[in-house]
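Notes follow once the structure below has been shown.
Just so you know, ligand 1 is whichever comes first in the structure, and atom 1 is the first atom listed for that ligand.
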Amino acid sequence: MTSSILSSARKTQSNDRYYNKALLEIKNLIVEYPVKEGNVRAIDDVSLTLYRGEVLGLVGESGCGKSSLGFTILKLLKGGVIRSGEISFNDINLVTIPEGEMQLLRGPELSMIFQASQNALNPLQKVLNHFIDTLKTHYRWNDESWQKILELLNRLEIPESRLEDYPFQFSGGMQQRIVIALTLILNPKLIIADEPTTALDVLVQARLLEILKEIIKEYDLTVLYITHDLGIVAEITNRVAIMYAGQILEIGDTQTIFQNAAHPYTRALIEAIPNVKDEEKKLLSFIPGHPPDLRNPPLICCFADRCSYSQDICHSKKPQSINLNFENGVQHKVKCFIYDDRYGHLFDQK
Ligand SMILES: Nc1ncnc2c1ncn2[C@@H]1O[C@H](COP(=O)(O)OP(=O)(O)OP(=O)(O)O)[C@@H](O)[C@H]1O
Ligand SMILES: [Mg+2]
């Protein structure tokens with residue numbers, strides 16, 4: 001396990017104040033993409049709660065359904081269908097809400113920052129016009145707007161002198177900062193950040209992460225932070241949900257996940273973090289095998305075929321979510337038979 005990542009996770013103190021009021025509650029959500037050969041089940045019975053003022057990391061391998069979950073919350077799924085389940089945002093039912101009402105929520109209430117969201121900037125519009133348009137579209141242009149724009153430019157280290165420039169005159173990192181400023185200008189209650197720094201080089205990414213961390217604290221933002229990078233999770237999140245094959249296999253406080261991961265998949269993910277300073281220069285570990293084909297979602301544990309702990313039960317039934325108790329009192333859930341009182345004895349203590 002990478003020690004530098006662990007020390008970052010220690011700094012991300014768990015704090016009870018986060019876990020009082022739910023802002024977003026998802027229950028037993030199933031989302032599918034109908035395709036020629038059947039249905040791709042991108043979200044498979046997901047339940048999770050996002051509390052006001054917390055940063056919840058959503059982590060998993062490519063194709064496990066992270067972006068689909070983000071798009072489902074914003075009702076921007078292209079080609080996907082919500083088959084069942086509930087999504088409640090601030091007590092509003094997002095599953096049944098009419099599109100006209102949803103449009104009023106997107107931006108001022110719920111917002112999403114995409115991996116390459118700089119593509120969303122209009123090449124024919126100066127940066128200043130993007131701010132004016134965003135505020136006017138949502139009827140938020142007022143006497144304080146100018147002050148707010150300057151404040152955000154300053155926080156995101158975008159020189160005010162560049163407001164008259166066009167998007168193509170900025171670097172990728174700077175364009176991403178403009179997109180983040182445009183998101184924040186509307187004060188959204190919930191931000192879904194889908195790999196917002198992945199397309200950037202390491203140093204630009206590090207600085208942007210630092211700024212994001214400060215802004216999240218300063219503005220008391222609630223964020224669902226989607227990434228496949230556990231280093232970022234350790235840096236920025238309070239809690240983390242581990243996603244695999246459309247399911248949440250483990251969810252808990254970030255520090256606990258790094259120090260006491262319960263699910264064999266989470267452990268394998270943490271073991272696979274490369275460490276350039278590793279003096280032993282040990283070979284990178286990896287998880288043999290592939291995630292299951294989501295066109296035929298498994299009726300057994302979705303990780304069983306790749307799990308070095310698996311027993312017969314894992315290949316014959318689907319595990320339910322089990323609550324684990326850790327000293328910090330933050331709710332921790334895991335989907336694995338090892339922790340099920342009825343089946344735990346079947347596993348060797350490895
Ligand atoms: N429009 C679509 N039509 C059919 N299948 C889709 C569509 N969009 C996504 N999928 C499938 O749904 C599953 C989840 O995809 P999704 O993009 O949500 O994963 P992800 O975790 O965000 O991956 P990544 O880390 O690569 O961004 C994948 O199997 C993907 O191929
Ligand atoms: Mg994605």
Side-chain angles (χ1 to χ4, degrees), residues 24 26 28-48 50 55-85 87 94-95 110-120 172 176 179-180 183 190-200 205 209 223-233 236-237 240-251 257 263 265-266 268-270 272-274 286-287 289-299 302-303 305-306 335:
L24 179 81
I26 299 177
N28 306 110
L29 184 68
I30 295 183
V31 173
E32 291 183 332
Y33 295 100
V35 290
K36 249 200 330 220
E37 307 82 14
N39 290 297
V40 176
R41 185 165 287 196
I43 310 287
D44 190 359
D45 198 15
V46 161
S47 297
L48 62 80
L50 195 56
V55 182
L56 174 66
L58 183 64
V59 186
E61 286 171 70
S62 190
C64 71
K66 305 181 295 295
S67 298
S68 297
L69 187 59
F71 288 128
T72 307
I73 296 166
L74 266 119
K75 302 289 291 287
L76 288 174
L77 263 179
K78 285 201 192 92
V81 185
I82 298 176
R83 295 287 185 212
S84 58
I87 309 173
L94 295 188
V95 174
L110 296 138
S111 208
M112 190 155 172
I113 305 169
F114 305 97
Q115 183 169 334
S117 45
Q118 53 262 47
N119 296 341
Q176 193 69 332
V179 171
I180 293 169
T183 304
L190 169 64
I191 295 176
I192 299 170
D194 190 357
E195 312 248 15
T197 64
T198 305
L200 309 174
Q205 178 175 21
L209 261 185
V223 183
L224 179 64
Y225 200 104
I226 298 174
T227 178
H228 57 263
D229 186 334
L230 283 167
I232 292 179
V233 168
I236 210 163
T237 67
V240 54
I242 308 290
M243 197 166 187
Y244 182 81
Q247 301 180 33
I248 304 288
L249 295 189
E250 183 164 7
I251 182 166
I257 293 270
H263 199 286
Y265 175 64
T266 316
L269 268 189
I270 292 171
I273 299 170
F286 68 102
I287 310 170
H290 303 281
D293 181 352
L294 298 182
R295 283 171 304 182
N296 296 300
L299 299 172
C302 58
F303 189 58
D305 289 344
R306 299 173 82 186
K335 260 188 188 175

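Scanning the protein heavy atoms around atom 25 (O) of ligand 1, the nearest turns out to be Lys66 NZ, 2.7 Å. When only non-hydrogen protein atoms are considered, atom 8 (N) of ligand 1 lies nearest to Tyr33 CZ, 3.3 Å. Protein heavy atom nearest atom 14 (C) of ligand 1, with residue, atom name and distance: Gly63 O, 3.4 Å.
Thr227 contributes no side-chain N or O that, together with a main-chain N or O of Val59, makes up a donor-acceptor pair within less than 3.5 Å. Lys75 contributes a side-chain N or O that, together with a main-chain N or O of Leu94, makes up a donor-acceptor pair within less than 3.5 Å.
Shown here, atom 30 (C) of ligand 1 is out of close reach of the protein: none of its heavy atoms lies under 4.0 Å off.
Close approach of ligand 1 to Leu294 is summarised as follows: ligand atoms under 4.0 Å from at least one heavy atom of the residue are 29 (O). Near Ser68, with a cut-off below 4.0 Å to any heavy atom, the atoms of ligand 1 are 14 (C), 15 (O), 16 (P), 18 (O).
With rounding to the nearest 0.5 Å, the separation of CD1 in Ile242 from CG in Leu249 is 8.5 Å. Rounding to the nearest 0.5 angstrom, the gap separating the OG atom in Ser62 from the CD atom in Glu195 is 8.5 Å.
Residue contacts to the Mg ion (ligand 2): Ser62 brings no N, O or S atom closer than 2.8 Å.
By the 30° and 60° cut-offs, the orientation of the rings of Tyr244 relative to Phe303 is perpendicular.
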Report task. Determine, stepwise, if the pair Leu77 / Tyr33 fulfils side chain to side chain contact (heavy atoms under 4.5 Å, CB included). Result -> CA-CA 9 Å; Leu77 263 179; Tyr33 295 100; 3.4 Å; yes
Query - side chain to side chain contact (heavy atoms under 4.5 Å, CB included) assessment of Gln176 paired with Ile113 - result: CA-CA 9 Å; Gln176 193 69 332; Ile113 305 169; 4.2 Å; yes
Query raised in the report: When you look at Tyr265 and Ile287, which way does the side chain to side chain contact (heavy atoms under 4.5 Å, CB included) test go after all the steps?
Result: CA-CA 9 Å; Tyr265 175 64; Ile287 310 170; 3.8 Å; yes
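Inclusion of Val40 in the set of residues having an N or O under 3.5 Å from an N or O of ligand 1 is not warranted. Residue Ala42 has no N or O atom closer than 3.5 Å to an N or O atom of ligand 1.
When non-hydrogen atoms are compared, ligand 1 lies under 4.0 Å from the backbone of Lys78 (N, CA, C, O) but not from its side chain.
Across the listed options Ser62, Gly60, Pro34, Ser67, Ser67 owns the non-hydrogen atom lying nearest to atom 17 (O) of ligand 1.
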